[in-house]
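Letters A, B, ... are given to chains in the order of the sequence lines, protein chains preceding strands, and every chain is numbered from 1.
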Amino acid sequence: MSLTKTELLELYKYLRLTRTLEDWIYTICVHQDPKQPLIIGKGYLSTGQEAVSVGAAYTLEKGDWLAQSHRDFGALLVRGMTVDELLAQYFSKAASPTKGRDANVHLGNTSKHVLGFISHMGAMMPVANGIAWGAKCRKNPTVVLAFFGDGASSQGVVHEAMNYAAVFKLSVVFICNNNRWAISTPVKEQFTIENIADRAAGYGMPGAVCDGNNVVEVFETVKKAVDRARKGEGPSLVECKTMRMTGHGTHDMAKYVPEDELEHWKKRDPIQNMENYLKEKKFADDAYFKKVVADMKKEVEEATEKAKQMPGPKVENESRDVYAP
Amino acid sequence: MPREIWYADAIREALSQEMRRDDAVYVFGEDVAAYGGVFGITKDLLAEFGPVRVRNTPLSEAAIIGEAIGAAIYGLRPVPEIQFADFLTTAVSPIVDIAASYHYRIGTPVPITIRAPSGGALRIGHFHSKCLEAWFTHVPGLKVVVPATAYDAKGLLVASIRDNNPVIYFEQKKLYREIKDDVPDELYTVPLGKAVVRREGKDITLITYGSPLYLAYQAAKQLEKKGIGLEIIDLRTLQPYDRETILTSFKKTNRAIILHEAPKIGGFGAEIASMIVEESFDQLAAPIVRIGAKQTPIPTNPVLEDNYLPSLKDVIDAAERLMQY
């Protein structure tokens with residue numbers, strides 16, 4: 001199957017929207033007055049690896065679920081979370097997804113089938129299994145995408161979850177965004193194998209490696225795994241090779257990343273790649289890209305003004321909802 | 001119709017009747033299917049409910065609890081068994097980091113009931129005897145239940161399964177086939193958060209929960225001969241716990257002993273003692289005494305374990321001491 005022109009342009013827009021929104025968050029984080037911050041906490045950005053998130057999430061259908069990592073803004077947008085919602089979350093507003101009770105990337109939205117990410121990284125992998133088991137019990141052909149990074153790949157719970165998913169043939173597709181760095185620890189200090197996807201054989205599931213900076217390749221690789229899962233044939237592991245082009249967070253200048261490594265990956269920027277591809281196909285030109293960028297900047301600026309005006313959380317509501325009624 | 005049944009059978013009856021009533025309820029865990037669980041609690045459930053609702057899992061406690069959370073978010077009511085409460089240590093992260101705060105952060109209830117056989121005196125040592133309930137009472141968002149009678153074992157389990165929050169149900173494995181009492185054959189609930197006065201007495205309030213209730217009964221009989229009236233309160237639920245019943249009794253006796261099997265330091269008795277002092281300082285006639293196990297790992301040899309556990313003598317001595325004030 002191949003993507004239509006409309007789909008390819010849509011993929012491009014999601015990539016561009018992710019970049020625009022995250023660049024904006026970066027700008028705010030770096031320039032805001034720390035005594036009167038607009039953004040509470042730091043930004044944890046997916047700059048340079050947007051294609052993993054966007055391409056993978058684009059394979060999903062309406063009833064499917066997402067267990068995103070902290071670098072999956074693109075997937076959140078693809079799954080229908082809005083710029084307004086995400087900015088409200090970053091600005092810690094009362095009407096944000098976590099009502100000001102949690103910060104930035106620790107968000108979820110059950111009505112949009114987005115699980116709530118937590119800082120323990122691989123922790124949501126077995127929860128993704130639970131969604132898939134629930135769907136299996138209710139005989140729904142639901143697929144869950146479960147994202148984790150090269151860092152989380154060393155956690156026991158990630159191994160438990162993958163073995164468990166294979167045993168019960170759960171419709172989970174595990175996506176490893178291998179962006180080469182776990183904060184300051186490079187992959188060569190994290191594991192001795194070339195590909196994390198090679199571990200799939202040990203769980204008895206298919207493993208695949210793809211270029212994480214090529215959104216079409218990510219889409220096509222993940223789509224195969226998603227189709228397989230939907231047919232009831234069980235989980236897969238897809239490793240997307242990419243590079244984290246920022247620090248771990250907006251507070252981290254990432255001086256530990258060698259210049260030549262950054263230079264190497266700058267030439268492989270996923271958005272640039274997609275623009276070249278669309279131009280080759282004659283689906284779009286520079287004027288089109290320029291207009292998309294301008295429209296998005298406007299959208300993000302307007303959403304920022306709107307979100308700024310939203311009321312913050314009230315202390316009267318602080319202790320509500322600890323228990324469900 | 002009430003009839004006398006074992007504590008263990010009351011738990012099984014609660015599971016099977018609740019599974020018949022609500023098809024969202026299902027059990028899973030290590031060896032729970034054909035084998036019926038290492039304590040036989042889930043015996044025969046597989047034959048009635050089939051392999052989807054009664055399922056063995058790999059030895060992956062974190063993945064078991066993770067599944068429960070995901071399935072609960074999906075709309076089921078999972079009742080995982082953790083083979084021994086001691087093994088909860090390998091699943092603390094999903095319980096504490098995800099389940100406990102999910103409703104508060106994301107707004108979606110996580111109705112799971114984790115069955116965890118707890119407690120000592122079976123000569124099975126440090127890794128099969130611990131009482132971990134106090135750990136979990138410290139985590140906002142969790143409920144903690146410890147039934148002491150067959151009647152409560154059934155009614156509290158049904159209430160836990162129907163509750164919309166994560167509940168850890170610490171069943172007392174020493175009582176499985178040691179305690180029998182009248183249990184109605186129909187479904188009923190014992191409300192979470194309500195203590196019960198098991199025995200009335202005018203002189204000292206003894207607050208306990210779980211299997212030490214029977215030690216308290218023995219002590220009450222002996223103390224009666226010495227003219228000391230022991231009022232026994234069984235907490236039944238530790239989180240949330242019933243302050244009112246404790247304070248009403250204390251107002252009458254002005255003396256209190258808290259008895260539990262967990263080690264004294266940092267045990268739940270510390271919470272009860274502090275609460276009484278905070279709320280009823282002017283009614284204190286004597287110090288509040290806590291009785292718990294010794295501050296050592298749990299020895300296996302019977303002589304050592306008996307010395308480790310709280311004893312009848314501990315309770316009698318404490319009561320006599322309090323009456324000297």
Side-chain angles (χ1 to χ4, degrees), chain A residues 65 67 97-103 106-111 113-140 142 144 146 155-168 170 172 318-325, chain B residues 23-26 28 50-53 55-78 80 90-94 96-112 139-143 163-167 192-193 239-240:
Chain A
W65 283 73
T98 60
K99 304 188 176 86
R101 290 168 177 168
D102 212 334
H106 308 104
L107 78 161
N109 183 326
T110 304
S111 67
H113 292 185
V114 174
L115 288 172
F117 167 76
I118 76 162
S119 294
H120 300 51
M121 296 298 161
M124 296 303 285
M125 302 301 100
V127 181
N129 284 345
I131 296 285
W133 178 258
K136 199 175 174 122
C137 288
R138 294 304 192 204
K139 299 189 165 54
N140 292 327
T142 301
V144 190
Q155 289 185 312
V157 73
V158 173
H159 298 287
E160 278 194 26
M162 288 200 269
N163 177 61
Y164 199 95
V167 168
F168 298 115
L170 299 177
V172 180
E318 186 178 1
S319 56
R320 276 193 197 164
D321 306 327
V322 175
Y323 290 96
Chain B
D23 75 352
V25 180
Y26 75 102
F28 62 115
V52 172
R53 296 180 67 195
R55 192 172 114 251
N56 284 338
T57 66
L59 274 68
S60 304
E61 289 80 6
I64 291 169
I65 301 302
E67 173 193 324
I69 296 167
I73 292 168
Y74 197 81
L76 301 184
R77 292 195 173 266
T90 58
V92 165
S93 175
V96 171
D97 302 320
I98 308 173
S101 63
Y102 208 81
H103 182 259
Y104 187 72
R105 292 182 300 115
I106 310 296
T108 298
V110 180
I112 63 180
V139 182
L142 298 179
K143 294 191 177 182
D163 196 275
N164 282 329
N165 296 283
V167 179
L192 304 188
Q239 182 63 274

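- Only the side chain of A:Arg138 comes within contact range of chain B, with at least one heavy atom under 4.5 Å from a heavy atom of that chain.
- The CZ atom of A:Phe168 sits 7.0 Å away from the CD atom of B:Glu67 when rounded to the nearest 0.5 Å.
- Contacts of A:Ser119 with chain B are absent, with no heavy-atom separation under 4.5 Å from either backbone or side chain.
- For the set B:Ala24, B:Ala68, B:Pro58, the entry with the most heavy-atom pairs within less than 4.5 Å of chain A is B:Pro58.
- Here the closest non-hydrogen pair linking A:Tyr164 and B:Ser60 is CD1-CB, 4.2 Å.
- In this structure, chain A has a heavy atom under 4.5 Å from the side chain of B:Arg55, while its backbone stays farther away.
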Q) Run the side chain to side chain contact (heavy atoms under 4.5 Å, CB included) check on A:Trp65 and B:Tyr74 step by step: do they pass? A) CA-CA 10 Å; A:Trp65 283 73; B:Tyr74 197 81; 3.8 Å; yes

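- Both the backbone and the side chain of B:Ile64 come within less than 4.5 Å of a heavy atom in chain A.
- Ranked by heavy-atom pairs under 4.5 Å with chain B, the list A:Asn109, A:Val157, A:Thr98 is led by A:Thr98.
- If you tally non-hydrogen atom pairs under 4.5 Å between each of A:Met125, A:His106, A:Glu318 and chain B, the highest count goes to A:Glu318.
- Rounded to the nearest 0.5 Å, atoms OG (B:Ser93) and CD1 (A:Ile118) are 5.0 Å apart.
- Using a 4.5 Å cut-off on side-chain heavy atoms (C-beta onward), A:Lys136 and B:Val52 make no contact.
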(Q) B:Tyr26 vs A:Trp133, test: side chain to side chain contact (heavy atoms under 4.5 Å, CB included). Steps then yes/no. (A) CA-CA 11 Å; B:Tyr26 75 102; A:Trp133 178 258; 3.3 Å; yes

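- Residue B:Pro94: no heavy atom, backbone or side chain, is found under 4.5 Å from chain A.
- The line from CD1 of B:Ile69 to CG of A:Asn129 is 11.5 Å long, rounded to the nearest 0.5 Å.
- In this structure, NE2 on B:His103 lies 8.5 Å from CZ on A:Arg101, to the nearest 0.5 angstrom.
- The heavy-atom pair separating B:Ala63 from A:Pro126 by the smallest distance is CA-CB, 3.7 Å.
- Residue contact with chain B, scored on non-hydrogen atoms closer than 4.5 Å, is absent for A:Leu170.
- Residue with the most contacts toward chain A among B:Leu142, B:Asp163, B:Val110: B:Leu142 (heavy-atom pairs, distance under 4.5 Å).
- Looking at A:Ala67, neither its backbone nor its side chain comes within 4.5 Å of chain B, counting heavy atoms on both sides.
- When each of A:Pro97, A:Ala135, A:Ala161 is scored by its heavy-atom pairs under 4.5 Å with chain B, the top score falls to A:Ala135.
- For a residue to count as touching a neighbouring chain, one of its non-hydrogen atoms must lie under 4.5 Å from one of that chain's; by this rule B:Thr57 touches chain A with backbone and side chain alike.
- Each of B:Ile65, B:Leu59, B:Asp97 has some count of heavy-atom pairs under 4.5 Å with chain A, and the biggest count is that of B:Asp97.
- Between B:Glu61 and A:Glu160, the closest heavy-atom pair is N-OE1, 3.8 Å.
- Between B:Tyr102 and A:Leu115, the closest side-chain pair of non-hydrogen atoms falls below 4.5 Å.
- The line from CG of A:Asp321 to CD1 of B:Ile106 is 12.0 Å long, rounded to the nearest 0.5 Å.
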